[in-house]
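To keep things clear, I will list the structure first and then write my remarks on it.
The chains referred to below are lettered A, B, ... by the order of the sequence lines, with proteins before strands, and numbering in each begins at 1.
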Amino acid sequence: MRFRSYAFILSLFSVAVAYAELGDPQKLPTAIAEYDFDKDVRALMELSCVHCHNAEKDKGGLQLQTRELLLKGGDEYKAVVEGKSGDSAMVHFAARLVEELEMPPKGKGDALTPEQIGKLRGWIDAGAPWPEGVILQPKQKIEVAKHDKIPPTQDPLKLKHWAFQKPVKPVVADMGAQIAELKKSDPTREAEFSKLESWAKNEIDHFVLAKLLKENLVPSPETNLNTLCRRLYLDLVGLPPKPEEVEAFLQSADKDRNEAVKELTDRLLATPQYGERWARQWLDAARYADSDGYEKDKPRFAHFYRDWVIQAYNRDLPYNEFVIEQLAGDQLPNPTQDQIVATGFLRNSLLNEEGGVDPEQFRMEAMFDRMDCLGKAVLGLTIQCAQCHDHKYDPITQEEYFKIFAFLNNDNEAQPIVYTNEEQMKRGDLFRQIGELEMGIKHTAADWEQRMNVWEDGVTALKEEEWKPLVLDYDMDSATGEKFLLQKDGSYLAQGYQPPRRGLIIFSKLPAMTVGAVRIEFLNDANLPANGPGRSLVGTFAITSFTSELRLPGKENEPFKFTSAVADINPAPDTPLRAQFNESGKRMIGPPAYTLDGKDETAWSNDIGPMRRNRECEIVFVAEKPVETPADTQIVLKVGMLHGGPHNDALDGNSMGRFRISVASKANPELSQIPRPVRTVLAIPRDQRSEAQQRVVFNYWRTQVPEYKEQNDKIEALWKEFPEGTTQMVLASREGGRTTRLFKRGDWLKPDYEVAAGTPKVLHPLPKDAELNRLTLARWLVDDNSSTAARAAVNRVWQSYFGTGLLISSEDFGTQSETPSHPELLDWLAVDFMENGWSMKHLHRLITSSATYQQSSRVSQEMQVKDPYNRLIARGARFRVEAETIRDSQLAASGLLNLTMGGRSLMPPAPAYLFKKPISYSDFNWVDETGENRYRRAVYTYRRRTTAYPFLQAFDAPDANSSCVRRIRSNTPLQALTTLNELISMEASQALARRMLESGVKTDAERIAVGFSRVLGRKPSESETKELLALLERQTARIRDGLLDSWILATGKGEKPQSLPEGTTPTQLAGYTVLARVMLNLDEAMSKE
Amino acid sequence: MKYLDTLLADQQRHVSRRWFFRECGMGLGAIALGQLLGNDAQAGLANLNPLAPKQPHFAPKAKRVVYLFQAGAPSHLELFDNKPELTKWDGKLPPEDLLKGYRAAFINPNSKLMGSKFKFAKHGNSGAEISELLPHIASIADDICIVKSMVTDAFNHAPAQIFMNTGSQIMGRPSMGSWLTYGLGSESQDLPGYVVFSTGSNGLSGGASNYGCGFLPTSYSGVPFRGQGDPVLYLSNPAGVDDGLQKDSVETIRRMNEERLGIMGDPEIATRISNYELAYRMQHVAPEVMDISKESKETLEMYGAEPGKSSYANACLLTRRLLEKGVRYVQIFHEAWDHHGGLTPGLKNECGHTDKASAALVKDLKQRGLLDDTIVIWGGEFGRTPMVQGGGDGRDHHPNAFSMWFAGGGIKKGVTIGESDDFGFNAVTDKVHVHDMHATLLHLLGFDHTKLIHRFQGRDFRLTDVFGEVVKKMIA
């Protein structure tokens, strides 16, 4: 927009009182009620009307770019009368009913068709609704635009959309000339304008000031230092400053304001609290949660990922690497555990394990969610719109959607075990000790190797039976919704709902043979927790009982009995079942014979402790007597699995994960007892084995040698000391990948043609000959040539500082987005960000050191009217801070805050009924934290998808059901109820009361000043002090009158606290609690000013 | 300078309105702005309440909604959809072509058919067929519109419930109640616009997403009320704080916030001031509304409500009390109908819990003149299979046909719409898809369902996605 003087603006509003004559409404084309705003109104007006009626060119005093302007009308005519198209000048002119006012004028465009006018009428009659935020822009008329349905991929305007072009660093405007011109145009304000010559502190300010001057505005004065200090703390670390920190800042700013800001910024960026504050923004985008969502909403373990994000911010991991590790850390050369954990990013999708689900459907839902997340969080594009059809507005086809999809469709939904640093050290130490003991065995007897070979020769002489794998069918009722997916190797993978206690009935046809034994092999699978082979959270299963029947052709079912069972994994007899499943404490696991003992308390399981339970294994059932089975014999297998947990809501199943069932004419118990990994090695000729393989043989063999008992026992004891670790959801490449097909209408049940991995044409190309894997996609996304990645990243940071991004729609840089408020600044920041190694901390330094950032946030009514959303940034940002910052501020101001970092997510107190039926689908074990853990930062609060933590929810923390890159900021009465009445808020008031009384100052007014400083970082005004003193007096009187119980008020409980601040009374403590509660509830306490 | 003043006043008006449109997310067409903005800027400021009442697109037939959500999915074959032919097939396998391409949740689709466990009879002048399990609903047969041809897309509880309430199977879209409070605001100054009860034996499969506001501002989210104890989260003062202290504190906060408003000029402070006052009022009004002990004996008896208990019956009575106070949308979630086994005792039990109170609510609204502009909805998230499951007395999830009923607020009275086939398996005539139901309800509430939109992530979202036809047959 060009510079406009007041006189010019006034000319726009020379309102005519009487409106001129229109034509005969009867002659208008008939109104058509069905219209499409985008096509029939927006596109039409942009092509035919807005060229002459806009902010620069306002023919007839009419502007048409917004609904307000349209309704205001022109100098002589009301363009549109809401609901009355017959009275609207626009349609009369378009229908050419008013002489010399035919619109568009001859030579300026084609006359509208009766249909076009009819639809305009329909729209006006409907009240001329206008989608929020739409501002019409004059569009050039191009030949192809005549067609109704020009696809965005062929629309030159859309292909040329600014956000699809690589950002180029614009030249920073020279303000001198502009300011000089201003001085000339209004000499009375010369002094004011002169000051602006030195206003800018860095490049940001040049762009902002240039825009302000164009709007005939000047920046606000610098904000006062107290406010600036609090602003920096809230922005950079999400906590208010302590009073002494404010003092220190004031002193250093006294010497050199710019230097003080720089120093404080550096200091805060170096504290770990910076990562905790800023990680939250990415965790929203990554839809991080601690539970699965949907009905069961099972707990999941994702906090390693959360901590990885926090650490990544703290060590200023360049944003491009940050994204690459999250999308493909596992595909980097020699990935570290951290890099694998980072891939939890895409795994934060919801997971439905409700009874009866089709597991593939919900894998697909998760895939669609990952695409959505990738689009919003990294690309800044609404690619999910192209799931069902070509993108309606942006040049992205449905096929291109599935090309990106194809990059992500080749993974297992893996949950490996990961370890903390302490656990890693412990593991290293145990491995070392075990290694030393093993070496010790080798040293005691020089002939160990010959003896081992003799043993091995004996074992290899045993011959493997011919096992025939069975094709299974199962009784649906007994499966209660669990689904078993046939794998290529004849095994079955259990997915979907896992009932905790049940008997699975399996049927199979037997070939003509002699049946003397049944074998179940339990196999690993990357899609099982801890790699399986069971489905419990640690990869275990338990078999309570195993019985069988045979139905020979034409006969009734007959029992097929087993006399013994052998397995290659043998828990000690009477080992207690894992506590999670063992509510009575009486249930046991033990040797394979437990499956045949007829007892419901006992079971055979693979749970022989950490590190060793998650290997493949087998159990063989030996028949009482072999049976000849003619063709068409059916075998019925009943697998009792009653050793899950007590909750019927699938929170703790303990059943088979991946298994293969086979039959043979007889068993070979001696062989079946040797662990399968050992047998695998033994199958390799001795001279071809690696050292590690040979060690596998040794480690089994030594357990078979009685004279090594002492060492074996020691080693066994050491194995028990291994840490459990924690499962973590990550991506893991799947052997052979998957074929991706385009889904018709986006419906996974309607696969169409095959689509190869690739990227949308409108964006920068993939490097030539790149391998089509996730790593390539990841690198492509954050390539320096990307047009949106850096813009999206810097825009989100800007949004956190200023309340709105330079582009409002942080999630959508596409053609439907509004123009950024400062397009050049956005590009400058994006390029500068890349030039500085995609460093977030660099960006923070740039923003906080700008004059733009340091303006006062006071707003005059005039400015509020002129720029209600502060899009021009003629003042500092003032807004209610995020949910987490409100909580953390309460804790920090009251001195309760515990700054311990990382680890499991915490459950601060919340009303218990929220987690119980019938508010929660099933009872959830929310255990209120006690002690210090009550007061950890809110980023560590447990995020349960179906029961949001109410305090955070009230202040718009997102529910993690989908990626969120822009939070809503609401202002509701429920927020008031929360900060007034919620338990921790009250505890914060009580603690703050103590701080005020313990501060060492003597008068009430001084103590109030201490409280103010802790909460607001400033001294109270006289009237504020008076207000609080009066409240203290009134309520102290009520305490004295016995209307309030001071102990309950001051401590929340009837019991007396252990100590009172020295020299104070319970009445004082109670009275100050009242004051603290008011301070913490002030609008300012929840706002950044 | 006079011109400048005119300009500013003019812009103030524009800006306030625009601000309202944006901040309050009102992309609606005709809105009575006068009542929102008042005559002067101050009133305009004070009225920037997102829940202030608004006008819909056209004159509405209904102003309020009660949704009696029978979660877990009751069997249509035992309650509303009488199938004598199915009884004849009892114990036989279903005809092969019936099951072509059928995806089942649990059941082996090739299970035997099972006839209805209960008898049906015709009721009222309309002769609606209703099960013996629902004598009270039968007694209002001439006030309701039964739809026997409901169809949905999902057959697992969580996605189907979310679909029924938000028009999408994916969590995170605004629920119908949120769309309505977004479109209509609330007539209550002291209570939330959208109130939710949960009364079943379990919680909701779909959880809070069923009444969530999705991407709309939180003011439009359903607020869970409890029949017992604190009716709203954090409604009670903390231990040690009495009403006198609360009032004094809230007033002190107001005066101090006003001082800050004077310095900073940020209208958000004004909104916060009014929200603290509303919160304080709610602390008094909500417990009063939730106290049913002063209802007459006859009323309590009519619903089967007992003061102090948490039950479906109590929730129905509370619903009427909330509607009288201007609450826009009340939803009772009764998750208890998932009868894979134990269908016969299960249905008896749940009908016992809900039949009388559901009918009582309709009767009570009618006698108080509220039924004319209140829509009552009764139904679950899908139906159940005609095939047997669970050892001879259960039915599986089934999306292809199920029954719901509607009453009041412009709904046709005493009619039955649509039919399913002889097995109650597929809806065959006058199919009403969930999207169609949403379109119809919005229509009755004065909205063109294609125009009640909210722009998010670069596109306009609506309750009916890109689907939905108004079902004219349901409209009086």
For the interface with chain A, which of [options] has the highest count of heavy-atom pairs at distances below 4.5 Å?
options                        : answer
B:R281, B:M282, B:R260         : B:R260
B:R255, B:Q389, B:Q169         : B:R255
B:G265, B:G207, B:P159, B:S205 : B:S205
B:D448, B:D396, B:V241         : B:V241
B:Q283, B:H397, B:R226, B:Q246 : B:R226
B:A279, B:P224, B:S111         : B:A279

Working to the nearest 0.5 Å, report the span between [atom1] of [X] and [atom2] of [Y].
X      : Y       : atom1 : atom2 : result
B:D230 : A:N981  : CG    : CG    : 8.5 Å
A:D956 : B:S221  : CG    : OG    : 10.0 Å
B:H157 : A:Y921  : NE2   : OH    : 6.5 Å
B:T252 : A:E1027 : OG1   : CD    : 5.5 Å
A:K392 : B:D460  : NZ    : CG    : 8.5 Å
B:H340 : A:T480  : NE2   : OG1   : 9.5 Å

Polar contact flag, side-chain donor to acceptor under 3.5 angstrom, B:N156-A:Y294: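 Looking only at side-chain atoms, A:Y294 and B:N156 do not form any donor-acceptor pair under 3.5 Å.
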Distance-only side-chain donor-acceptor flag, B:Y220 / A:S970, under 3.5 Å: no
Pick whichever of [options] has the most heavy-atom pairs under 4.5 Å with chain B.
options                          : value
A:A960, A:A1050, A:S1023, A:P958 : A:S1023
A:T946, A:T947, A:V859           : A:V859
A:R1077, A:E365, A:E1024         : A:R1077
A:A948, A:S810, A:A976           : A:A976

What part of [X] gets closer than 4.5 Å to chain B, counting heavy atoms only: side chain, backbone, both or neither?
X       : answer
A:L1028 : side chain
A:L749  : side chain
A:S857  : both
A:N1081 : both
A:F37   : neither
A:F368  : neither
A:T1073 : neither
A:K916  : neither
A:M1079 : neither
A:E482  : neither
A:L1049 : both

Exceeds 12 heavy-atom contacts within 6.0 angstrom, atom CZ of A:R1034: yes
Residue pair A:S962, B:I170: steps toward the side-chain contact (heavy atoms from CB on, under 4.5 Å) verdict: CA-CA 9 Å; A:S962 63; B:I170 296 165; over 6 Å; no
Is there a side-chain contact between [X] and [Y], using heavy atoms and a 4.5 Å cut-off?
X       : Y      : value
A:P950  : B:Y234 : yes
B:Y276  : A:T979 : yes
B:E268  : A:F879 : no
A:E1084 : B:M264 : no
B:I253  : A:L980 : yes
B:N202  : A:S922 : no

Test item: [X] side-chain N/O and [Y] main-chain N/O as donor-acceptor pair under 3.5 Å:
X       : Y      : result
A:D1045 : B:G240 : no
B:S198  : A:P918 : yes
A:E354  : B:A158 : yes
A:D1083 : B:I269 : no

Contact class of B:E251 relative to chain A, heavy atoms under 4.5 angstrom: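 B:E251 has no heavy atom closer than 4.5 Å to chain A.
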Contact origin within B:F333 toward chain A - heavy atom pairs under 4.5 Å: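 Neither part.
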If I compare all heavy atoms of [X] with all of [Y], which pair ends up nearest, and what's the gap?
X      : Y       : answer
B:S249 : A:V1074 : OG-CG1, 4.3 Å
A:P973 : B:N275  : CD-OD1, 3.2 Å
A:L977 : B:L233  : CD1-O, 4.2 Å
B:V223 : A:L974  : CG2-CD1, 3.8 Å
A:K917 : B:G203  : CG-N, 4.1 Å
B:A239 : A:M986  : O-CE, 4.4 Å

NZ/NE/NH1/NH2 to OD/OE distance under 4.0 Å, B:D248 and A:R1038: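 No salt bridge links B:D248 with A:R1038.
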B:R272/A:Q975 under side-chain contact (heavy atoms from CB on, under 4.5 Å): CA gap, chis, key distance, verdict: CA-CA 9 Å; B:R272 189 153 326 276; A:Q975 293 170 353; 3.4 Å; yes
